[in-house]
Participant: 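Before I ask anything, here is the structure I am working with.
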2 protein chains.
Amino acid sequence: MTQIKRVSECPPGDDLGNVVPLTAHSLKAACSQCNLQELCLPLGLSEAEIQRLDSLVSTRRKVKRGQHLYRTGVPFEAIYAIKAGFFKTDVLMEDGRDQVTGFQMAGEILGMDGISLESHTCNAVALEDSEVCVIPFAQLEQLSSEMRTLQHHFHKVMSREIVRDQSVMMLLGTMRAEERLAAFLLNLSQRFTARGYSAAEFHLRMTREEIGSYLGLKLETVSRAFSRFQEEGFIAVQQKHIRILDLAALKALLTHTPLPTPHSSHG
Amino acid sequence: MTQIKRVSECPPGDDLGNVVPLTAHSLKAACSQCNLQELCLPLGLSEAEIQRLDSLVSTRRKVKRGQHLYRTGVPFEAIYAIKAGFFKTDVLMEDGRDQVTGFQMAGEILGMDGISLESHTCNAVALEDSEVCVIPFAQLEQLSSEMRTLQHHFHKVMSREIVRDQSVMMLLGTMRAEERLAAFLLNLSQRFTARGYSAAEFHLRMTREEIGSYLGLKLETVSRAFSRFQEEGFIAVQQKHIRILDLAALKALLTHTPLPTPHSSHG
DNA sequence: AGACGCGTTTGATCTGTGTCAACGCTGCAT
DNA sequence: ATGCAGCGTTGACACAGATCAAACGCGTCT
């Protein structure tokens with residue numbers, strides 16, 4: 001089935017199409033013409049409704065690899081829909097320790113952490129040259145109150161984030177190193193699939209250290225788990241290029257309980 | 001300073017006031033008369049607006065200790081504001097492992113996980129006899145679109161949940177056992193304070209195993225950390241009764257980096 | 001009063017992952 | 001070409017926390 005050979009593994013390095021070196025803002029966004037409708041905020045809206053969204057989402061912003069989209073503590077004004085590219089979010093503790101709290105790709109929404117305290121509680125950094133649609137939050141709320149479908153869908157998007165966080169907690173709280181990495185790879189695979197890229201072959205945009213930070217592991221442990229998966233024939237690793245050879249085996253790692261929960265065999 | 005001697009450590013066991021053994025529903029809710037306004041959904045609403053809320057939040061539901069408020073997979077219809085009592089939420093994996101994802105107390109909102117897939121993704125269980133206000137979600141959205149302040153505040157509540165999840169990830173991903181427990185105790189202390197109870201003395205509603213599950217530790221490790229804190233004079237533990245003796249010491253555990261990040265001394 | 005059960009504490013030992021260190025690969029700059 | 005810097009891999013060893021096991025405290029039931 002996966003007749004995909006080299007289906008561009010996510011947008012190639014052509015700096016997102018435009019030749020003009022616009023620093024920011026001036027780009028006109030247009031949900032109605034965007035191929036991410038199915039994944040993004042417009043999901044479930046009618047043609048007419050999407051056109052009303054267009055007026056709200058009026059600007060885009062380019063973020064170069066390594067640059068921040070926003071930083072902890074800056075006033076919250078807008079949420080962002082990723083038009084193209086790849087981001088990480090991370091939180092920094094007073095003592096210098098930090099943790100990657102997520103990786104976000106095209107069609108996903110960034111910035112909802114900022115609503116509650118009216119300033120952002122994490123950093124969002126581009127892991128490759130990226131572009132986001134700026135959605136001024138006050139205007140989104142205005143439009144939401146006029147469009148029930150938009151309001152409802154936005155609630156779903158926020159709720160989805162809460163559900164995602166639950167599974168990260170599960171991962172960090174109960175899984176062993178190899179399970180965590182398997183879960184991570186399967187999750188990426190699935191999200192790439194949803195975007196029309198290959199489920200079995202992709203480029204990691206983040207370093208081993210960033211993966212480790214997200215998974216609550218040290219980079220050496222991540223590296224060893226990759227090596228082990230390769231030895232077992234589950235995947236082929238070449239630097240940041242990953243090919244999944246045995247999806248079922250990875251899935252089995254997650255469901256097969258490697259720690260035979262003892263409270264099942266006593267009476 | 002803490003002249004509080006035995007400031008009722010959360011609602012006493014008088015089964016929540018009413019003598020009538022109403023099983024459920026029939027109770028009339030009334031945000032306008034509730035002393036949790038400052039913490040709960042009505043926060044920031046005017047008198048008149050709160051009265052409009054009353055019509056929406058029309059029923060309450062009692063949940064006895066050990067009973068479920070909702071279970072994974074059941075259709076999502078309402079969110080719940082905790083009127084009195086104490087809950088945990090947990091997620092169950094296919095292989096039987098589970099993880100407590102949170103503990104919730106009076107004034108906090110339960111059930112927002114269900115919005116995204118229209119069915120709940122975790123279990124909510126009462127850890128003591130409790131009572132919740134049922135907030136039918138469709139009606140909440142309806143009223144939200146008519147009341148911008150309510151809409152905005154609800155967004156803040158959801159965002160607060162996302163922010164909370166971030167700090168749990170930080171806890172699970174980067175902290176050592178004793179730091180986790182310290183963070184846990186400080187968090188409880190702060191939330192009890194916000195509800196008018198003593199910051200320094202409280203009853204844990206959950207077992208060591210549930211604490212461990214939440215913190216990504218085994219119950220023995222939790223127990224040992226409690227003992228250690230007691231030896232050090234940070235707290236006094238007697239079963240589930242906790243007295244904080246040295247708040248500053250607990251806080252110091254969190255900020256003092258016990259793992260001297262090495263990348264600071266090379267140039 | 002005595003017995004049972006559940007939750008908790010404490011000790012002894014094991015192990016997965018962290019830590020420290022060396023080396024290899026790749027791409028960029030000189 | 002050559003050197004350098006950043007990232008990744010691999011090995012040896014250490015340690016925090018898991019696991020296994022025993023005993024205790026407290027409440028409930030008979």
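Each chain gets a letter, A, B and so on, in the order the sequences are listed, and its residues count up from 1.
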Participant: Check the distance between D/dC7's C1' and A/Arg65's CZ and give it to me in whole angstrom.
Facilitator: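 Answer to the nearest Å: 11 Å.
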Participant: Could you go through B/Tyr197 and B/Phe202, starting from their C-alpha distance and side-chain angles, then the distance that decides it, and tell me whether this counts as ring-ring contact (aromatic ring centres under 6.0 Å, His included)?
Facilitator: CA-CA 8 Å; B/Tyr197 303 116; B/Phe202 46 85; over 10 Å; no
Participant: Nearest of D/dT9, D/dG17, D/dA21 to any side-chain atom of B/Arg176?
Facilitator: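 Closest of the options to the side chain of B/Arg176: D/dG17.
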Participant: Nearest whole angstrom, please: distance from the P of C/dG7 to the CG of B/Leu204.
Facilitator: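 Between P of C/dG7 and CG of B/Leu204: 15 Å.
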Participant: Between B/Glu161 and B/Arg164, is there a side-chain N and carboxylate O pair less than 4.0 Å apart?
Facilitator: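 Looking at B/Arg164 together with B/Glu161, the answer is yes, because their closest N to O distance falls below 4.0 Å.
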Participant: Rounded to whole angstroms, how far apart are CE on A/Met206 and C1' on D/dG8?
Facilitator: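 In whole Å, D/dG8 C1' lies 15 Å from A/Met206 CE.
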Participant: Nearest to the A/Arg224 side chain among D/dT10, C/dT8, D/dT9, which nucleotide is it?
Facilitator: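 Closest nucleotide to the A/Arg224 side chain: D/dT10.
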Participant: Check this for me: does any side-chain nitrogen of one of A/Lys88 and A/Glu210 sit under 4.0 Å from a carboxylate oxygen of the other?
Facilitator: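 Looking at A/Lys88 and A/Glu210, the cut-off is met.
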Participant: Side chain of B/Leu217 only, heavy atoms from C-beta on: which candidate in D/dT9, D/dA18, D/dC7 is closest?
Facilitator: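 It is D/dA18.
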Participant: Counting side-chain heavy atoms from C-beta on, which of D/dA21, C/dG18, C/dA21 comes nearest to A/Glu220?
Facilitator: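 When the side chain of A/Glu220 is considered, C/dA21 is the closest of D/dA21, C/dG18, C/dA21.
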Participant: Looking at every strand, decide which applies to A/Gly216 at a 4.0 Å heavy-atom threshold: base, sugar-phosphate, or nothing.
Facilitator: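 Answer is sugar-phosphate: A/Gly216 comes under 4.0 Å of backbone atoms only.
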Participant: If you measure from the Lys or Arg side-chain nitrogens to the Asp or Glu carboxylate oxygens, is any gap between B/Glu128 and B/Lys64 under 4.0 Å?
Facilitator: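 B/Lys64 and B/Glu128: not salt-bridged.
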Participant: Please report, rounded to the nearest Å, how far the C1' atom of D/dC7 is from the CD1 atom of A/Ile211.
Facilitator: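 Value for this atom pair: 12 Å.
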Participant: Select one nucleotide: of C/dG18, C/dA12, D/dG8, the one nearest the side-chain heavy atoms of A/Gln239.
Facilitator: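 It is D/dG8.
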Participant: Expressed as a whole number of angstroms, how long is the span from B/Ile242:CD1 to C/dT8:P?
Facilitator: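 Atom-to-atom, B/Ile242 to C/dT8, this comes out as 10 Å.
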Participant: Does B/Phe103 have B/Arg205 sitting over its ring (NZ/CZ under 6.0 Å from centre, angle to axis within 45°)?
Facilitator: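 Pair B/Arg205/B/Phe103 does not count as cation-pi.
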Participant: Kindly point out which of D/dC7, C/dT17, D/dC20 is positioned nearest to the side chain of A/Thr221?
Facilitator: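 Per side-chain heavy atoms of A/Thr221, the pick is C/dT17.
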Participant: Nearest whole angstrom, please: distance from the P of C/dG11 to the CZ of B/Arg228.
Facilitator: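 Going from CZ in B/Arg228 over to P in C/dG11 covers 14 Å.
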Participant: Tell me the interatomic distance from B/Met175, atom CE, to C/dG18, atom C1', rounded to whole angstroms.
Facilitator: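 Computing the B/Met175:CE to C/dG18:C1' distance gives 18 Å.
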Participant: Select base, sugar-phosphate, or nothing to describe what A/Leu219 touches, counting heavy atoms under 4.0 Å on all strands.
Facilitator: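 If one applies the 4.0 Å heavy-atom cut-off, A/Leu219 turns out to touch a base.
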Participant: In whole angstrom, what separates A/His203's NE2 from D/dC7's C1'?
Facilitator: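 Distance, rounded to whole Å: 13 Å.
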Participant: Of the listed nucleotides (D/dT9, D/dG11, C/dT10), which one gets closest to any side-chain atom of A/Arg208?
Facilitator: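 Minimum distance to the A/Arg208 side chain belongs to D/dT9.
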Participant: Just compare C/dG7, C/dG18, D/dC7 and give me whichever is closest to any side-chain atom of B/Lys240.
Facilitator: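 It is C/dG7.
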